[in-house]
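Protein chains get the first letters and strands the later ones, always in sequence-line order, with residue 1 at the start of each. Bear in mind the structure is a predicted one, so any value in this text is a computation, not a measurement.
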2 protein chains.
Amino acid sequence: MKTITVYDIAKEANVSVATVSRVLNDTAPVKHSTREKVNAVIKKYQFQPNALARSLISKATGMIGMILPDITNPFFPEVFKGAENEARANGYTIFLCNSGGDYRRESDYLSVLKEKRVDGILFLGGRINLSRCSPEMVNEVVELSQQIPMILINGSLPKSGLHRVMADEAAGAEMAVQHLIELGHQEIAFIGGVDYMTPTIHKVKAFKKKMLENRLRIREEWILHQDFSVKSGKELMTRLLQGHERPSAVFCVNDFNAVGAVKAAIEHGLTIPGEMSIVGYDDTPLSTTLIPELTTVTQQTYELGRQSVQLLHQMIHGEKIKKITALQPQLVVRQSTAPYRKR
Amino acid sequence: MKTITVYDIAKEANVSVATVSRVLNDTAPVKHSTREKVNAVIKKYQFQPNALARSLISKATGMIGMILPDITNPFFPEVFKGAENEARANGYTIFLCNSGGDYRRESDYLSVLKEKRVDGILFLGGRINLSRCSPEMVNEVVELSQQIPMILINGSLPKSGLHRVMADEAAGAEMAVQHLIELGHQEIAFIGGVDYMTPTIHKVKAFKKKMLENRLRIREEWILHQDFSVKSGKELMTRLLQGHERPSAVFCVNDFNAVGAVKAAIEHGLTIPGEMSIVGYDDTPLSTTLIPELTTVTQQTYELGRQSVQLLHQMIHGEKIKKITALQPQLVVRQSTAPYRKR
DNA sequence: TAGTCCAATGAAAACGATTACCGTATACGA
DNA sequence: TCGTATACGGTAATCGTTTTCATTGGACTA
């Protein structure tokens, strides 16, 4: 089966390829009758111009790449959705690249995206969430970003000066802790996350700051880390509950950890929020499916994706954009937190 | 900044472009010393061949498109992950196309994928889950599938003869109902899903079949439909509980609905599984975050994605593959079901 | 020693569009 | 009737690769 080209259309419509192209792209005036004739042939053969050939010459592919650590973490599908809608509205299609947070996989994808000549790249997770990131890993990204418009979402690279769109995690974390303090809690623990990754670091810092501001005691043994999974949240909470003293409230690095914490607490016979208040982070769909529904901090996840693509689109068109765009998080109070009650 | 091409490499290495291409693709013998020389230049400029130009001539893009209804439904990220891993292992990158189940959006994407000349298409949800689908909607897909290898995942199109990979939903549903019956339940309800979509239809049919086989009464007023969301599950369960009689067990069309049902039951003061057994479907991550953990049916979601890409890959290489590949679902008993107790 | 074959390479023609540049028909005013 | 502006149409170059075909110089066989 032969692939049909503009030449075939041109021949059948008795015009030149230039005219076909003009009809296709509306780039120069074409007589009405001619246009009709050409369109008829195009329709007859269901002709669609080859985007590869077109891109080769126009230098634009209408493709963007999105690298993220784990699409099964419900935070990311929401970001993707925002990105995807904005992308489609502007004529882009998205390569979704699941890196597993593995920097080799990231490099692999970076290279693939480059050779596929995507118009832009959205980078989430992995190396951009590491508190220290090797110079090679930084360089690789910086160099690519000089060739292809790129935006870092919810992350950064030391001294790279790359464009970023992010939720203000410190502010969000402060809100969460403030909320607990206002409820009268004094013995508050922090759970979760990988200790050398920035989401954890920012939140721990904000946590300590708030505690200090309110002259509350910070117990280092109540700041526990592991990773970002449900399992991890459960294990850390269990460890917390095994101590001979226990906090009356826990702030978790994300919803996954919070869900695990809730499960551990319930298995331990505690009622939530009666005997233990728990706050999550991200406002993923999990937080409303949980019983009790989770008090958490929303990051405007959808907006994060949408605005990133919007900005990327501007970059692609050579417009200057702000280096940093910060979205304000917001506390969402649900059922997993309640005023402190003496036991 | 000039883009560098094989010509630049060739010139600098004192060879012809043909030789550069041979080094790049290892498609013909090249003298060792020449190869070294060329590779050195390639490395020096960090040259990466333009995939567009390459694809234009090779007719292969290394891109596949995946159309699915809703990436925020936790069932799909898992499918995607399976697909993505297998894809990457075979050198493909995936365009993720979120259709929202909207057939116009599907058509739009179908057309974009065609003009981008993807090597293959994975189609999930939307029109392929409709019990009746207009001839135009069928045709559009069938015609495209004659030009581009395509696999329908968990769905079908009437008389289209397209390749399909699917979980055997009828078998899975029978297992779920069988499980409840074996626990001694006799008054069982079915909840959820859009009534004209195949996931619902298959499950209701299996439900009725099992009930009949066991001479149990089927009450039409206990077969309720709405959509696939948590909210919907909650509303339907609430409606069920307002009747003056109520079932002792409920089989839900998916985990979302089941979560909603559990929430409604608990709000209604029932204990689960003590007073009400609930079974979900899909074994999404939700099922283990819920308290109690949900008894559900696993569809081997990851495998669904992985095997689909594997088969698609074979199709792309012109191999003949089975028209239908069915994965066996499996019952996963957790905490939301228990033996019937008289009240 | 002549003939054969193969490894190693280069020149040029694709692939399927866009587009710069030039050519021509028509209409219009003088 | 002629000159000229207007409105298109056509040709060919271009994008950056791969690939076919031809060429060359040995090495090997008979």
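The distance from atom CG of B:Leu24 to atom P of D:dT17 is 8 Å, rounded to the nearest whole Å. Here D:dT17 presents its P atom at 10 Å from CD1 of B:Ile42, a figure rounded to the nearest Å. One interatomic measurement links the two molecules: NZ of A:Lys37 to C1' of D:dG9, which rounds to 11 Å at whole-angstrom precision. Atom CD1 of B:Ile4 is separated from atom P of D:dC15 by 15 Å (rounded to the nearest Å). Rounded to whole angstrom, the span from the CZ atom of B:Arg35 across to the C1' atom of C:dT9 amounts to 13 Å. Residue B:Asn25 contributes atom CG, which lies 10 Å from atom C1' of D:dT19 at whole-angstrom precision.
Within residues 114-121 of chain A, no residue approaches DNA chain D, by heavy-atom distance under 4.0 Å. At a non-hydrogen distance threshold of 4.0 Å, B:Leu56, B:Ile57, B:Lys59 from residues 45-61 of chain B come into contact with DNA chain C.
Counting only N and O atoms by type, the side chains of B:Glu143 and A:Gln46 include a donor and acceptor under 3.5 Å apart. Between the side chains of A:Ser111 and B:Gln48, at least one donor-acceptor pair of N or O atoms lies under 3.5 Å. With 3.5 Å as the limit, one finds a donor-acceptor pair spanning the side chains of A:Arg127 and A:Ser107.
Heavy atoms only, all atoms of each residue included: B:Arg22 and B:Ala28 are closest at CD-CB, 3.6 Å. When all heavy atoms of A:Ser21 and A:Thr27 are compared, the pair lying nearest together is O-CG2, 4.4 Å.
Applying the salt bridge (charged side-chain N to carboxylate O under 4.0 Å, His left out) rule to B:Glu12 yields the partners B:Lys44; only residues at least two apart in sequence or on another chain are considered.
B:Thr27 comes within 4.0 angstrom of nothing in the nucleic acid, heavy atoms only. Nucleic acid contact class of B:Val6 (heavy atoms, under 4.0 Å, all strands): base.
How far CE of A:Met63 is from OG1 of A:Thr93: 8.5 Å, rounded to the nearest 0.5 Å.
In the helix from C:dT1-D:dA30 to C:dA30-D:dT1, the end axes, each obtained as the rotation axis mapping the C1' atoms of four pairs onto the next four within a five-pair block, lie 50° apart to the nearest 10 degrees.
Because its NZ or CZ atom is both nearer than 6.0 Å to the ring centre of B:Tyr109 and within 45° of the ring axis, A:Arg88 counts as a cation-pi partner of that residue.
Ionic pairing of A:Glu36 and A:Lys31 is not present here: no N-O contact between side-chain nitrogen and carboxylate oxygen is shorter than 4.0 angstrom. Using a 4.0 Å cut-off between charged side-chain N and carboxylate O, B:Glu303 and B:Arg306 make a salt bridge.
With hydrogens and angles disregarded, no donor-acceptor distance shorter than 3.5 Å links the side chain of A:Thr72 to the backbone of B:Pro77. With B:Ser55 contributing its side chain and B:Ala60 its backbone, the two residues share a donor-acceptor pair below 3.5 Å.
Using a 30° and 60° split on the angle between ring planes, B:Phe95 and A:Phe95 fall in the parallel class, below 30°.
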Could you write out each protein N or O paired with an N or O of nucleotides 23-29 of chain D at a distance under 3.5 Å?
none

Between the protein and nucleotides 10-12 of chain D, which nitrogen or oxygen pairs come in under 3.5 angstrom?
unit_1: D:dG10; atom_1: OP2; unit_2: A:Ser16; atom_2: N; d: 2.5
unit_1: D:dG10; atom_1: OP2; unit_2: A:Ser16; atom_2: OG; d: 3.3
unit_1: D:dG10; atom_1: O6; unit_2: A:Arg22; atom_2: NH2; d: 2.8

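When the shell of 6.0 Å around OH of B:Tyr302 is examined, it contains more than 12 heavy atoms from other residues, nucleotides or ligands.
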Query - Working for side-chain contact (heavy atoms from CB on, under 4.5 Å), residues A:Thr5 and A:Ile9 - result: CA-CA 7 Å; A:Thr5 73; A:Ile9 303 297; over 6 Å; no
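Checked options B:Asp119, B:Ile321, B:Ile151; the residue passing with B:Leu312 is B:Ile151 (criterion: side-chain contact (heavy atoms from CB on, under 4.5 Å)).
Distances shorter than 4.0 Å separate none of the side-chain N or O atoms of A:Thr5 from OP1 or OP2 on C:dC15.
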